[in-house]
S.K.: 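Sharing a structure below in structure tokens format, with a few things to ask.
Letters go in sequence order (proteins before strands), and every chain restarts at 1.
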2 protein chains.
Amino acid sequence: MRKLYHYWLCPFSRKIRLLLSEKKLSFETVAIKPWDIPSSFFSLNPEGMPPVLIDDDGKNIANAYPITEYLEEVYFEPSYLGKTSAQRAETRRLIIWCDEKFNAEVTHNLVYEKVLRRKMGQGGPDSATIRIGNAHIHDHLEYVSWLCDRRNWLAGDAFSLADISAAAHFSCIDYLGDVPWDKHPVAKLWYARVKSRPSFRDILADVVPGLSPSPHYTNLDF
Amino acid sequence: MRKLYHYWLCPFSRKIRLLLSEKKLSFETVAIKPWDIPSSFFSLNPEGMPPVLIDDDGKNIANAYPITEYLEEVYFEPSYLGKTSAQRAETRRLIIWCDEKFNAEVTHNLVYEKVLRRKMGQGGPDSATIRIGNAHIHDHLEYVSWLCDRRNWLAGDAFSLADISAAAHFSCIDYLGDVPWDKHPVAKLWYARVKSRPSFRDILADVVPGLSPSPHYTNLDF
């Protein structure tokens, strides 16, 4: 059985869970706590971080970018990158926008500060950093709205890894109740459409040990 | 004529220059200064940063990850990702190691602090940050040495985008004279092999306006 090492509030792990589900590839999950990595895990990923995929044939693929491209290469139908090289470039531009810019400006500033910092023995949450995350999230919600005003989905006509990547990040922050959806109705409508996809059910069923989700986290009509 | 928007000390731009040269795809360069981005450039890349490739047919591809994958898809022979899905996953694991971990721990801490911070109007260099970069570079040189003790090139038997990505980062720092090569003879030997490739000539000929390269930067026998 295919196996995914993940952490619940890791947006990179969530992206792979969503992509596997969209592609109807069954898998079991093994939770990895970033503050308590078993030494054996470093042989699966020398960086010592989820996600890591062990495919059915035992192939060991570490990190979101290699896993995403691997799944698109090996299980290429349906594709979530796009059909033309120009479309794939646009999808990948938005993937990296999520995984670098959004992650650095928002996800890391909120999820790491609020949930992980203390567990990793690095002191309490820094309120200035949290304020930076809360400020920047508006820019990204505006960009999602701007794209949705012009396109059916974030990267174009079709639901793609751009939507999956963005939703993976937003869902982690939404778990904490920190996405100001009501100030961004167009982005909220986009997220409601993503949230209602069958691939998202498993994400909405997440319960992080010791941390309850925000009241509207599972609600499709939030 | 194919056109690449780049900045001399941007490791992501250098990676694309190297990949284009390795694939023998001719191109002209347009220098973009990160502290003085023309407003017209945002229509080429909404993030407003190099690299951006305009291909022969006018296709506009922004950011290193989309450009790299685009060049591998469209100009697939010779491939610098690898022949099997497992090899490609390993190459991509090392690409992301360079572009996230190495960049965050070393390149950004040295190149941004020493060269860009003041130009971007964000004050003078922070010596504590530079010390962090100088400390972390040893970990990465050790990892390069560890890989070279076990493999012909970083990702396996063949020269690949793992070598190109790592060399793109090291070359920016080497321009400043901040790579402690003499403490890491195995990594130095690897870099000397990369440096002697024809694709590297153009990188070694770089002269950043107002900033001379370190004395050994161009020297193949450093």
S.K.: Ignoring hydrogens, what is the shortest heavy-atom contact between P66(A) and A89(B)? Give both atom names and the distance.
M.R.: CB-O, 3.7 Å

S.K.: Is it the case that over 12 heavy atoms from other parts of the model lie below 6.0 angstrom from the NZ atom of K3(B)?
M.R.: no

S.K.: Applying salt bridge (charged side-chain N to carboxylate O under 4.0 Å, His left out), run through K101(A) and E47(B) and close with a yes or a no.
M.R.: CA-CA 9 Å; K101(A) 195 169 169 64; E47(B) 272 196 58; 5.0 Å; no

S.K.: Should the heavy atoms of other residues, nucleotides or ligands under 6.0 Å from CZ of R2(B) be counted, would the total exceed 12?
M.R.: yes

S.K.: Flag the pair P46(A) / W97(B) as yes when at least one side-chain heavy-atom distance between them is below 4.5 Å, and no otherwise.
M.R.: no

S.K.: Write out, in numerical order, the residues from residues 8-44 of chain A with a heavy atom short of 4.5 Å from a heavy atom in chain B.
M.R.: none

S.K.: What part of I95(B) gets within 4.5 angstrom of chain A, counting heavy atoms only: side chain, backbone, both, or neither?
M.R.: side chain

S.K.: Nearest 0.5 Å, please: how far is CZ in R93(A) from CD1 in I67(B)?
M.R.: 12.0 Å

S.K.: Among Y143(A), Y70(A), Y65(A), which residue forms the greatest number of heavy-atom pairs with chain B at distances under 4.5 Å?
M.R.: Y65(A)

S.K.: Please identify, among E73(B), K59(B), E100(B), the residue contributing the most non-hydrogen atom pairs under 4.5 Å to chain A.
M.R.: E73(B)

S.K.: Counting only heavy atoms from other residues, nucleotides and ligands, does the tally under 6.0 Å from CG of D149(A) exceed 12?
M.R.: yes

S.K.: With rounding to the nearest 0.5 angstrom, report the CG to OG distance, D57(B) to S85(A).
M.R.: 7.5 Å

S.K.: Check the pair R92(A) / E72(B) against salt bridge (charged side-chain N to carboxylate O under 4.0 Å, His left out), numbers first and verdict last.
M.R.: CA-CA 14 Å; R92(A) 288 184 176 119; E72(B) 281 287 307; over 6 Å; no

S.K.: Side chain, backbone, both or neither: which part of R88(A) has a heavy atom under 4.5 Å from chain B?
M.R.: side chain

